[in-house]
Amino acid sequence: MFEFTAPFRETSGSPIRELFKYLGEPGMISLAGGYPSSDLFDVERLQQSAAAAWREPARCLQYAPTDGLPELKHEVMRLMQQRGVDVAADQLMLTTGSQQGLDLLLRVLINPGDGVLVEQPAYPATLQALRKQQARIVTVPVDADGLDVERLTAMLESGECGKPKLLYTVPTFANPTGATLSRERRVALIELAVKYGFLIVEDDPYGDLRFTGEHVPAVRALAGQIDGGVERVVYFGSLSKIVAPGLRVGWTVAHPDIVRRCVIAKQTADLCSAPYTQAIAADYLAQGFLAVHLPRIIAAYRRKCDLLCDELDAQLAGRLQFQRPHGGMFVWVRVEGVDSSELLTHAIAQKVLFVPGRAFYADQADASSLRLSFAGPGIEEIGEAASRLARACKLATL
Ligand code: PMP
């Protein structure tokens with residue numbers, strides 16, 4: 001009846017959001033969404049910051065500048081400095097979650113048919129955004145150290161991937177694999193971006209959530225040490241995983257020419273992100289609350305991660321393979337000889353949810369893979385979740 005534009009003719013949405021319908025079932029334990037734990041929200045301090053923001057009601061109730069409230073930009077610049085990145089005001093814009101930053105970036109840079117390199121497996125919403133922009137997606141494999149930069153080098157040298165415009169990666173505690181790109185590979189990647197003239201899109205919502213191992217600087221931080229590197233990196237940050245996704249506070253750091261175009265794109269998307277939550281976030285950061293909150297959530301996620309991995313080892317030894325992550329929210333699992341979409345049917349019957357690996361592949365999906373998130377469920381639910389998964393595995397292999 002209606003004539004939709006080509007990208008919106010088909011109606012399949014986010015494969016992860018499709019699982020939401022099961023969340024409300026009584027007794028369901030979800031290892032599916034990349035949700036932070038609701039129990040860990042810093043409610044009292046956020047209430048304090050909300051009250052502080054409300055002392056200037058007009059700032060909360062009036063439109064804000066499209067690139068963000070100046071006081072929050074100031075705080076994000078300080079946060080970026082702690083991450084080893086000096087950011088000027090015209091290199092930064094605030095967005096409605098970092099997801100909007102990606103959407104705007106693709107709108108200003110990607111024409112239909114433009115080549116975009118994506119790590120594989122990858123964050124599904126990025127794949128979805130790329131498809132809607134009609135990009136030509138070229139996948140690059142990942143291993144335990146993140147993106148396989150050697151393979152990427154060969155692809156670029158041989159010209160098999162054409163001339164890509166950008167490369168998307170979550171280099172630290174990746175979604176979905178949990179892997180972190182080694183420092184050497186980061187440097188090599190920046191050198192490739194300079195040599196072949198593509199942009200690295202560094203999506204970094206999880207970088208602060210390190211449980212163990214040595215800190216690896218952001219790609220954007222390392223780019224400062226390489227001639228021509230800085231302008232080759234677009235960095236996305238977010239408060240979603242470290243404070244609360246409901247604030248919808250994300251940011252983009254990029255060359256001023258890119259930021260300017262993204263600001264224009266945002267003018268037609270939503271004029272500005274909600275000033276009220278920006279003001280709350282600005283006060284929260286200015287009071288130093290994040291520095292108090294982070295160690296608390298890191299300790300909690302670390303316990304959950306350890307417990308889930310221990311339980312998987314104990315209850316599913318030999319049946320599945322995974323690598324213990326050093327941070328973030330995800331464990332990437334392979335169940336040899338089992339199709340994880342079929343396994344999900346059994347898992348739903350056993351009242352546990354995960355995301356089948358297919359969702360994370362643009363091509364040649366590994367059907368035996370799946371993603372587990374340990375962040376959302378209560379610590380007391382994790383052992384039970386692993387038992388249910390073990391039962392589902394048994395049923396799937398009968
Ligand atoms: N990038 C990655 C890798 C994510 O996992 C997520 C959230 N699931 C986002 C971006 C979007 O986060 P935000 O809430 O900041 O839009």
Side-chain angles (χ1 to χ4, degrees), residues 13-20 23 30-38 41 68 72 76 79-80 92-106 116 118-130 142 146-147 166-181 200-209 218-220 234-253 262 266 269-270 273-274 277-278 280-281 285 290 297 301 325 327-332 353-355 357 359-362 371-376:
S14 150
I16 297 181
R17 295 201 155 238
E18 301 292 326
L19 294 173
F20 279 20
L23 283 180
S30 176
L31 304 172
Y35 277 34
S37 171
S38 306
F41 288 144
L72 182 54
V76 169
L79 186 61
M80 288 306 296
L92 173 68
M93 72 181 289
L94 306 181
T95 52
T96 304
S98 60
Q99 188 67 43
Q100 185 183 47
L102 177 76
D103 192 61
L104 300 177
L105 183 79
L106 297 184
V116 175
V118 184
E119 62 189 0
Q120 175 147 282
Y123 172 49
T126 295
L127 298 177
Q128 200 182 2
L130 285 168
V142 304
L147 194 80
L166 56 88
L167 174 142
Y168 172 86
T169 180
V170 183
T172 313
F173 315 132
N175 182 359
T177 64
T180 292
L181 192 67
I200 300 167
V201 178
E202 176 178 34
D203 192 3
D204 190 28
Y206 303 102
D208 278 348
L209 298 176
V219 174
R220 178 58 174 74
V234 176
Y235 178 97
F236 293 132
S238 174
L239 292 188
S240 290
K241 312 296 174 167
I242 53 176
V243 183
L247 295 173
R248 304 311 297 130
V249 169
W251 60 94
T252 302
V253 175
C262 290
K266 187 171 163 65
D270 62 1
S273 299
T277 57
Q278 290 187 64
I280 297 171
L285 295 175
L290 180 61
I297 60 172
Y301 289 143
M329 295 189 166
F330 306 110
V331 184
W332 182 244
L353 282 182
F354 60 80
V355 185
F360 304 92
Y361 287 84
R371 188 193 75 179
L372 303 178
S373 171
F374 47 81

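Whatever order the structure lists ligands and atoms in, that order sets their numbers, starting from 1. Reckoned from all heavy atoms, side chains included, excluding hydrogens, waters and symmetry mates.
Nearest to atom 7 (C) of ligand 1 among the protein's heavy atoms is K241 NZ, 3.1 Å. The closest protein non-hydrogen atom to atom 12 (O) of ligand 1 is S98 OG, 3.4 Å. Residue, atom and distance of the protein heavy atom nearest to atom 9 (C) of ligand 1 are Y123 OH, 3.3 Å. Atom 5 (O) of ligand 1 has Y206 OH, 2.6 Å as its closest protein atom, hydrogens excluded (heavy atom only).
In plain terms, the two heavy atoms of F236 and S98 that are nearest each other are CB-CB, 4.1 Å. Nearest approach of F330 to P176, heavy atoms of both residues: CB-O, 3.6 Å. G101 and T252 make their closest contact through CA-OG1, 3.7 Å (heavy atoms, listed as atom of the first residue, atom of the second, distance). The minimum heavy-atom distance linking V76 with L92 is given by the pair CG1-CD1, 3.9 Å.
Contacts between P245 and ligand 1, counted as non-hydrogen atom pairs separated by less than 4.0 Å, are absent for every part of the residue.
The shortest N or O to N or O distance between Q100 and ligand 1 is not under 3.5 Å. Considering backbone and side-chain atoms alike, S240 places an N or O below 3.5 Å from some N or O of ligand 1.
In this structure, Y361 and W332 have tilted ring planes: the angle between them lies in the 30° to 60° band.
For Q120 (side chain) and A362 (main-chain N/O), a donor-acceptor pair under 3.5 Å exists by modelled atom type. Side-chain atoms of T177 never come within 3.5 Å of backbone atoms of A174 as a donor-acceptor pair (strictly under, hydrogens ignored).
Of all the atoms in ligand 1, the ones that sit under 4.0 Å from a non-hydrogen atom of D203 are 1 (N), 2 (C), 3 (C), 10 (C). Less than 4.0 angstrom separates some heavy atom of S238 from each of these atoms of ligand 1: 13 (P), 15 (O). Ligand-side atoms of ligand 1 in range of R248: 13 (P), 14 (O), 16 (O), range being under 4.0 angstrom from any heavy atom. Heavy-atom proximity to V170, at under 4.0 Å, picks out these atoms of ligand 1: 3 (C).
Contact annotation: G97 has at least one heavy atom less than 4.0 Å from an atom of ligand 1. In this structure, G34 does not count as a contact residue of ligand 1, since none of its heavy atoms falls inside 4.0 Å of the ligand.
If you check the side chains of T126 and D203, you find no donor sitting under 3.5 Å from an acceptor.
Here the side chains of L104 and M93 are in contact, with some heavy-atom distance below 4.5 Å.
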